[in-house]
Number of protein chains: 2
Amino acid sequence: MAQRQGLDAENVLQAAVEMADTQGVEGLTLAALAAKLNVKTPSLYNHIKGLPDLRTQLSRRGLMLIKAAMVDAVIGKAKDDALLAVGFAYVDFARKHPGLYEAISILPDYEDPELKEAGNDVVFFLLRILEPYGLSEEDALHVVRGFRSMVHGFASLEHRNGFRMGLERDESLRRLLQTYLRGLRTTESAT
Amino acid sequence: MAQRQGLDAENVLQAAVEMADTQGVEGLTLAALAAKLNVKTPSLYNHIKGLPDLRTQLSRRGLMLIKAAMVDAVIGKAKDDALLAVGFAYVDFARKHPGLYEAISILPDYEDPELKEAGNDVVFFLLRILEPYGLSEEDALHVVRGFRSMVHGFASLEHRNGFRMGLERDESLRRLLQTYLRGLRTTESAT
DNA sequence: TTTACAAAACTAATGATATTAGTTATTATG
DNA sequence: CATAATAACTAATATCATTAGTTTTGTAAA
């Protein structure tokens with residue numbers, strides 16, 4: 001016994017991601033993770049600080065990946081096309097990585113500086129997409145909040161089986177975003 | 001010892017609501033709840049089936065109360081005014097009862113029939129508010145999904161401290177809903 | 001090649017939690 | 001007043017996370 005399994009921090013995080021995506025964040029326990037890695041639970045502490053730390057790492061990784069997906073989606077697109085693509089990329093990420101998405105949205109540690117920065121990154125990214133609209137800074141920030149609310153709300157409800165009617169879900173998202181964007185065109189900023 | 005505390009199911013649920021609203025759903029443990037009620041942990045099992053059951057009850061109670069708040073908010077209002085009021089009632093409920101709101105949105109038991117019904121109730125309520133718009137049934141259902149996504153997303157992000165810019169949050173919500181509603185006015189259903 | 005050190009795994013122990021079984025005490029009812 | 005229902009209790013078990021201290025293993029230096 002005591003065969004080395006060649007674990008390292010990245011290894012463990014990878015396994016945690018898989019486990020979260022299949023079992024949900026609730027189901028990600030150190031006991032189960034250790035079993036998956038053919039190791040006793042305390043051995044994990046050579047690679048992570050503990051469960052809260054692991055969850056924070058999960059959030060960071062998730063935020064990094066979802067931002068990458070949004071950046072990728074927007075290549076070669078501008079204005080409404082770009083925003084629509086970003087919205088779908090966001091929701092698709094949540095579909096493909098439910099565990100990571102939970103980790104993002106549950107946000108174990110509000111004060112983690114890396115998480116704060118990654119969050120701000122996303123906001124700045126959205127602001128840049130909004131540049132061509134020529135909004136004031138304040139207006140743009142409100143729009144960013146609105147956009148985040150829409151896509152997060154949609155992804156979150158969908159994840160929880162909140163949409164039970166037999167109705168195309170992609171179509172619902174498309175209409176939501178397009179209706180909002182249409183409203184934006186006919187806007188005089190505040191009412 | 002063994003003084004009766006006069007507990008019953010409603011009592012225990014009330015205490016659980018308070019604890020969830022102050023400590024968060026995570027912080028609601030049977031051990032802490034029992035301590036708050038001056039009772040040993042196993043005594044709680046005379047009034048609840050267990051922790052999962054308690055959480056389900058919390059969800060049911062939350063859904064009931066948030067629907068009541070929305071119904072109340074809409075009295076004497078119609079169309080855009082009504083929808084705006086409902087949106088604000090929803091978000092305000094989440095602000096006043098963060099624990100109950102968490103319980104609603106985490107949805108411990110997808111399959112609980114009472115929860116299903118309460119969820120459908122909310123959808124039907126929204127559909128009735130949409131009646132004056134004269135939408136087709138399909139269009140209306142998409143709008144309901146959109147509306148729920150917006151208000152849930154907003155409430156959820158706000159709850160998680162997702163809005164860190166120093167910007168009026170009520171104003172962000174107002175603009176989000178109004179922009180969407182404006183888009184709805186200029187719509188030809190599908191694109 | 002051998003030795004020595006760092007790191008990875010282990011065992012053992014502790015403390016929190018939920019849950020179940022079985023017991024005692026209290027209250028209400030016949 | 002007696003009895004039955006029930007609310008509370010104690011004791012026990014199982015699952016977690018976590019810490020301390022030990023053993024093993026791999027690697028790098030002598």
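Just so we're on the same page: letters track the sequence lines, and every chain starts at 1.
Counting only heavy atoms from C-beta on, A:His47 has its side chain closest to C:dA8 among C:dA8, D:dT18, D:dA8.
As rounded to whole Å, 12 Å separates atom P of C:dA8 from atom CG of A:Leu44. The CD1 atom of B:Ile48 sits 13 Å away from the P atom of D:dA7 (whole-angstrom rounding). Distance NZ (B:Lys40) to P (C:dA25): 16 Å, rounded to an integer number of Å. The nearest whole Å value for the distance from the CG atom in A:Asn38 to the P atom in C:dC10 is 9 Å. Spacing between atom CZ of B:Arg55 and atom P of C:dA18 amounts to 9 Å, rounded to whole angstrom units. Whole-Å rounding puts the B:Gln5 CD to C:dT27 P distance at 11 Å.
Side-chain atoms of B:Arg4 stay outside donor-acceptor range of the base of C:dT27, with no qualifying N/O pair under 3.5 Å. The base of C:dA7 has none of its N or O atoms less than 3.5 Å from a complementary donor or acceptor on the side chain of A:Asn46.
Considering only residues two or more places apart in sequence or on other chains, B:His97 meets the ring pair (Phe, Tyr, Trp, His ring centres under 6.0 Å) condition with B:Phe93.
Within the cation-pi definition used here (under 6.0 Å to the ring centroid, within 45° of the axis), B:Arg145 does not qualify as a partner of A:Phe154.
Residue pairs meeting the salt bridge (charged side-chain N to carboxylate O under 4.0 Å, His left out) criterion with at least one member in residues 25-50 of chain A, sequence neighbours excluded, are A:Glu18-A:Lys36.
Note on B:Asp139 versus A:Arg175: salt bridge recorded, some NZ/NE/NH1/NH2 to OD/OE distance being below 4.0 Å. Salt-bridge formation is not detected for the pair B:Asp121/B:Lys116: no Lys NZ or Arg NE/NH1/NH2 atom is positioned less than 4.0 Å from an Asp or Glu carboxylate oxygen.
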Any N/O pairs under 3.5 Å between the protein and nucleotides 14-17 of chain D? List them or say none.
| from | atom 1 | to | atom 2 | distance (Å) |
| --- | --- | --- | --- | --- |
| D:dA17 | OP1 | A:Leu30 | N | 2.8 |
| D:dA17 | OP2 | A:Leu30 | N | 3.0 |
| D:dA17 | OP2 | A:Ala31 | N | 2.8 |

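Contact detail for B:Ala103 and B:Leu58: the closest heavy-atom pair is CB-CB, 3.9 Å.
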